[in-house]
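Worksheet for the structure shown next.
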Amino acid sequence: MPELPEVETIRRGLSPRIRGTRILDVRTREARVFQLPTKHLRLKLRGRSIDEVNRIGKYLIFGLDHGYLVFHLGMTGQLTLRTPSGKDAPRFIRHPVTGLQRTRQHAPDQHTHLILQLDHGVELLYRDPRKFGKIFWLRSEPESLSRFFSKLGPDPFSGAYQEHEILKRMKGRKVSAKALLLDQSFVAGLGNIYADETLFVSRIHPLRRTDTLRKYERLRIFKMIPRVLAKGVHFGGTSLRDYIDSDGERGTHQERLFVYGRAGQPCVQCGYPITRIVVAQRGTHFCRVCQPRSKPVPGDLDWTIFDENNEPYPLP
DNA sequence: AACCTTCCCTGATGGC
DNA sequence: TGCCATCAGGGAAGGT
């Protein structure tokens, strides 16, 4: 599922290849995917130039010469580039062992809901089998963007991500730490995978109530969120099932996960088997030893989040 | 206001 | 082999 690191990887792949191009033609498929009538969208987009490709949380934002085109990829949304003269992969295949989906561009299929034909001969394809994703169009006025994102918390890589602000946002919350991290109005960009990873490196049990967290624990969450996400970006995102980048390539972060999807496997830190429970209707993975429920683990913990040279992964 | 539950949707998987 | 139930989950909407 595309969370912040996956969307950022897509953004980085798209930006140099579509910035400055013009949209020649627009084709749409399933109307439910769009937040406005497809006929209107086609009229809004045709002839527009793509000036910039930005991201806030899990949202991808194309800044056009008139208006904004905004994508939320939901769970299975994919944005890929295709050169019509190039060679397409025969179909979407998930390799039974490696999980490899494809390594080449693909032709549009029944799940491809938007095709933008760009003026340099490249097509941008939006594909979403489960249709949990959404595509929005916003007017050019700056306040249309701020209104659209008004309920969203700060992006961990933006200037709005400040210690004082984040710690304040935790005050008075009675939800579990896991539910807090999944709440996009608290911080934008974490999903189920990176929430579990953040709690692991912060040494906090997912069921701990936010209002029982010590100051040093809240501070650890604040510091670990950007690091966990930076690690995901560094490895091109996590490809467990459907996620692919703009070139159709899988990320490699799934090979480096500490807890997510590792139920029964040994903890990378202590060797005790990872536990899976359900919290806030989400599969939740943690280590009973490293993330104890009743006894907070004190200290400023920096372990396990460094690369092979013992350096933190660079922030975008 | 804060929190919780339900729903949307398709493909993969496992039991029989 | 086919059929059916179950599971995965981001976020909106509705309920408490």
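Numbers restart at 1 for each chain; the letters A, B, ... are given by sequence-line order, proteins then strands. Computation of the quantities below employed the complete heavy-atom set of this structure, encompassing side-chain atoms and omitting hydrogens, waters and symmetry-equivalent molecules. What you see is a predicted model; the values in this text were computed from it and never measured.
Rounded to whole Å, the distance from CG on A:L190 to P on C:dG9 is 15 Å. Rounding to whole angstrom units, CG of residue A:L73 and P of C:dG10 are separated by 12 Å. Separating the CG atom of A:L180 from the P atom of B:dA2 is a distance of 12 Å, rounded to the nearest angstrom. Straight-line distance from the CD atom of A:Q184 to the P atom of C:dA13: 16 Å, rounded to whole Å. Across the protein-nucleic acid pair, A:H72 atom NE2 and B:dC8 atom P stand 19 Å apart, rounded to whole Å. Rounding to whole angstrom units, CZ of residue A:R276 and P of C:dC7 are separated by 9 Å. Between the CE atom of A:M75 and the P atom of C:dG11 there is a distance of 11 Å, given to the nearest Å. For A:Y243 and B:dG11, the OH to P distance is 21 Å, given to the nearest whole Å.
The pair A:K223-A:D300 meets the salt-bridge criterion, since a charged nitrogen lies less than 4.0 angstrom from a carboxylate oxygen. Contact check on A:R27 versus A:E123 returns a salt bridge, with a Lys/Arg side-chain nitrogen under 4.0 Å from an Asp/Glu carboxylate oxygen. Look at A:D155 and A:R55 and you find a salt bridge, because one of the NZ, NE, NH1 or NH2 atoms lies within 4.0 Å of a carboxylate O, short of that distance. Here A:D65 pairs with A:R48 in a salt bridge; the nearest charged N to carboxylate O distance falls below 4.0 Å.
Taking 4.0 angstrom as the limit, A:H111 places none of its side-chain polar atoms (N or O) nearer than this to OP1 or OP2 of B:dC9. Phosphate proximity of C:dA12 to A:K151: absent, as no side-chain N or O sits under 4.0 Å from OP1 or OP2. Considering only side-chain N and O atoms, A:K131 lies under 4.0 angstrom from the phosphate OP1 or OP2 of B:dT10.
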Next on the checklist: Working note: A:T275 + A:R288, criterion side chain to side chain donor-acceptor pair (under 3.5 Å); need CA distance, chi angles, decisive distance, verdict.
Outcome noted: CA-CA 7 Å; A:T275 301; A:R288 290 193 180 282; 3.3 Å; yes
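With hydrophobic clusters built from ILVMFWY side chains whose heavy atoms lie under 4.5 angstrom apart, A:M224 shares a cluster with A:I193.
A cation-pi arrangement, defined by a distance under 6.0 Å to the six-membered ring centre and an angle within 45 degrees of its axis, is absent between A:K134 and A:Y59.
The side chain of A:P129 sits closest to B:dT10 out of B:dC3, B:dT10, C:dG10. Distance from the side chain of A:Y260 is smallest for C:dG9 among the nucleotides B:dC3, B:dT10, C:dG9. Considering only the side chain of A:R32, B:dC9 comes nearest among B:dC4, C:dG11, B:dC9. Checking C:dG9, C:dG10, B:dG11 against every side-chain atom of A:R241, the shortest atom distance belongs to B:dG11.
Within 4.0 Å (heavy atoms only), A:R169 reaches no atom of the nucleic acid at all. When heavy atoms are screened at a 4.0 angstrom cut-off, A:K134 is found touching no nucleic acid atom at all.
Donor-acceptor pairing under 3.5 Å, judged by distance alone, is present between the side chain of A:R130 and the base of C:dG9.
Residue ring and nucleobase are stacked for A:F132 and C:dG10, with a centre distance beneath 5.5 angstrom and an angle between planes beneath 30°.
Near DNA chain C, meaning a heavy atom under 4.0 Å from it, residues 277-287 of chain A has A:R282, A:G283 in order of number.
A side-chain N or O of A:E6 and one of A:Y194 form a donor-acceptor pair less than 3.5 Å apart.
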